[in-house]
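Data first, discussion second: the structure below is written as structure tokens.
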2 protein chains.
Amino acid sequence: MTKNNTLQLQDFLPYLLNRAAEATSLDFQKTYKDRYGMLRTEWRVLYHLGRYGDLTAKQICTMADLHKTKVSRAVLALERQRFLVRTEVPTDRRNELLSLTKQGVSAFDDLQEEATRYHNSLMATFTADEQAILQKCLRQIAKFS
Amino acid sequence: MTKNNTLQLQDFLPYLLNRAAEATSLDFQKTYKDRYGMLRTEWRVLYHLGRYGDLTAKQICTMADLHKTKVSRAVLALERQRFLVRTEVPTDRRNELLSLTKQGVSAFDDLQEEATRYHNSLMATFTADEQAILQKCLRQIAKFS
DNA sequence: CGTTGATAGTTACAAATGCAACAAATATCG
DNA sequence: CGATATTTGTTGCATTTGTAACTATCAACG
């Protein structure tokens, strides 16, 4: 029987997080999708290469916590669209070093600027205290740091 | 060129939210998946019926912000597993009223209890102030109320 | 009534994902 | 060296999702 003192779905943290994540993802997705035809994983891979320089697929997997098949397919897509190139690592030919092309860097710069703008616009609706607490809580839940 | 005062991905709100949402979803997913073989959408639909009583698919779409095809398929799956039944509404035969079976209610009770437990265990790591702010911020971002 | 339009729900097809098997290169250790 | 195990990355297949088209019922209005 349904009790009355039950958890409201709107308070249930996984649900709240999912809805909030979906809402922001859909907003920002428009930017990379419309401008560059990218999917979310592709944008994440592009981001890592733009932010941290040349990486192997494996490194991106670890840093972004993405499965290797997802990364593999994202890299293929980005390569086809000329956003990155691969170069063999002579000392270990299992790895391929991934580097952004000029076009990739330019897309990264553009998207990052947009991301910052969007992030700031979301954050602007909160006080400084709220911002700090929100970030702290989310990082903890996401098991960062 | 990559600037230095750039946004850290770990601070980027959509990314943080996604990672946090994924982490909690994966945790809780185990419960409804292992115990009842449910998918996330099925759990959401079950939840709405358990929490709010009999509803039509359309009502669930609106309340849960789910697309009608997702709901349609979740209802089919829940019906096959005998968690709910449909009854035609005589005054408008386009709608079908969905009601949980005894088995559905029992799954709901069980899962809700587990959800509450999980929610509380997550929240327990935060102070009361942090909890309140976290919820407030997430609701706002999720465009709730 | 009867035509047109809206609504509830399903289905079909394409795209995206997850998982397991696979190939190729390297590491280990007798 | 040579057999076995590990690591990197890709591919194939089944599942899940999104979009659009479809069916069936009802509403509106002449």
Side-chain angles (χ1 to χ4, degrees), chain A residues 18-19 21-23 25-27 29-30 32-34 36-46 48-49 54-81 84-99, chain B residues 18-19 21-23 25-27 29-30 32-34 36-46 48-49 54-81 84-99:
Chain A
N18 265 293
R19 294 289 305 262
E22 257 171 64
S25 287
L26 285 180
D27 277 347
Q29 183 181 10
K30 285 205 300 268
Y32 53 75
K33 195 174 172 192
D34 289 356
Y36 302 100
M38 284 184 201
L39 298 174
R40 194 188 310 178
T41 312
E42 293 160 26
W43 149 239
R44 278 207 198 165
V45 168
L46 182 90
H48 278 82
L49 292 172
D54 300 357
L55 299 167
T56 68
K58 172 68 181 169
Q59 289 175 302
I60 297 177
C61 291
T62 307
M63 297 170 77
D65 194 35
L66 289 169
H67 195 270
K68 59 186 180 172
T69 61
K70 264 180 131 175
V71 172
S72 173
R73 292 190 261 238
V75 166
L76 184 64
L78 290 170
E79 189 187 30
R80 283 198 177 130
Q81 294 163 289
L84 62 75
V85 292
R86 323 189 194 212
T87 42
E88 277 199 355
V89 178
T91 61
D92 186 342
R93 274 182 321 202
R94 283 174 306 187
N95 318 346
E96 294 173 312
L97 208 56
L98 307 170
S99 340
Chain B
N18 266 292
R19 294 291 304 264
E22 258 171 63
S25 289
L26 285 179
D27 278 346
Q29 181 181 10
K30 284 206 300 268
Y32 54 76
K33 195 175 172 189
D34 289 356
Y36 302 100
M38 283 184 202
L39 265 30
R40 193 186 311 176
T41 312
E42 292 160 27
W43 148 240
R44 278 206 199 166
V45 167
L46 182 91
H48 277 83
L49 291 172
D54 300 358
L55 298 168
T56 67
K58 172 66 182 174
Q59 289 176 302
I60 297 178
C61 291
T62 307
M63 297 170 75
D65 194 33
L66 289 170
H67 195 270
K68 58 185 181 173
T69 61
K70 264 181 134 176
V71 171
S72 172
R73 293 190 261 239
V75 166
L76 183 64
L78 290 170
E79 188 188 31
R80 284 199 177 130
Q81 294 163 287
L84 62 76
V85 292
R86 323 190 195 209
T87 42
E88 276 199 356
V89 177
T91 60
D92 185 343
R93 274 182 324 205
R94 283 173 305 184
N95 318 346
E96 293 172 313
L97 207 57
L98 308 170
S99 340

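Protein chains get the first letters and strands the later ones, always in sequence-line order, with residue 1 at the start of each.
- Of all nucleotides in DNA chain C having an atom under 4.0 Å from a heavy atom of chain A, the first and last in 5' to 3' order are dA16(C) to dT26(C).
- Residues of residues 56-66 of chain A that place a heavy atom closer than 4.0 Å to DNA chain D, in numerical order, are Thr56(A), Ala57(A), Lys58(A).
- For Asp54(A), the salt bridge (Lys or Arg N to Asp or Glu O under 4.0 Å) test picks out no residue, with sequence neighbours left out.
- Applying the side-chain hydrogen bond (donor to acceptor under 3.5 Å, both in side chains) test to Thr69(A) and every residue at least two apart in sequence or in another chain returns His67(A).
- Every residue two or more places apart in sequence or in another chain that forms a side-chain contact (heavy atoms from CB on, under 4.5 Å) with Gln29(A) is listed here: Leu26(A), Tyr32(A), Lys33(A).
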Practice item. Before giving the answer on side chain to side chain contact (heavy atoms under 4.5 Å, CB included), spell out for Ile60(A) and Leu98(A) the whole-Å C-alpha distance, their side-chain angles and the decisive distance to 0.1 Å. Key: CA-CA 10 Å; Ile60(A) 297 177; Leu98(A) 307 170; 4.0 Å; yes

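- When all heavy atoms of Glu42(A) and Gly37(A) are compared, the pair lying nearest together is OE1-O, 4.0 Å.
- In this structure a side-chain-to-backbone donor-acceptor pair under 3.5 Å is missing from Gln81(A) to Met38(A).
- For Ser25(A), the side-chain hydrogen bond (donor to acceptor under 3.5 Å, both in side chains) test picks out Asn18(B), with sequence neighbours left out.
- Checked against side-chain contact (heavy atoms from CB on, under 4.5 Å), Thr56(A) has the following partners two or more places apart in sequence or in another chain: Lys58(A), Gln59(A), Asn95(A), Leu97(A).
- Between Ala64(A) and His48(A), the closest heavy-atom pair is CB-CE1, 3.4 Å.
- Between Arg80(A) atom CZ and dT10(D) atom C1' there is a gap of 12 Å when expressed in whole angstrom units.
- Of all heavy-atom pairs between Arg93(B) and Pro90(B), the closest is CG-O, 4.3 Å.
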Could you list, one pair per line, each protein nitrogen or oxygen that sits under 3.5 Å from a nitrogen or oxygen of nucleotides 15-19 of chain D, together with the distance?
| from | atom 1 | to | atom 2 | distance (Å) |
| --- | --- | --- | --- | --- |
| dG18(D) | N7 | Arg73(B) | NH2 | 3.0 |
| dG18(D) | O6 | Arg73(B) | NH1 | 3.2 |
| dG18(D) | O6 | Arg73(B) | NH2 | 3.1 |

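- Taking atom CG on Leu78(A) and atom C1' on dG9(D), their separation rounds to 16 Å, with Å as the unit.
- Looking at Met63(A) and Leu55(A), their side chains come closer than 4.5 Å, going by heavy atoms from C-beta outward.
- A heavy-atom distance below 4.0 Å to DNA chain C is reached by these residues of residues 89-96 of chain B, ordered by number: Arg94(B), Asn95(B), Glu96(B).
- Screening residues 63-79 of chain B for salt bridge (charged side-chain N to carboxylate O under 4.0 Å, His left out), with sequence neighbours left out, gives Arg19(A)-Asp65(B), Glu79(B)-Arg86(B).
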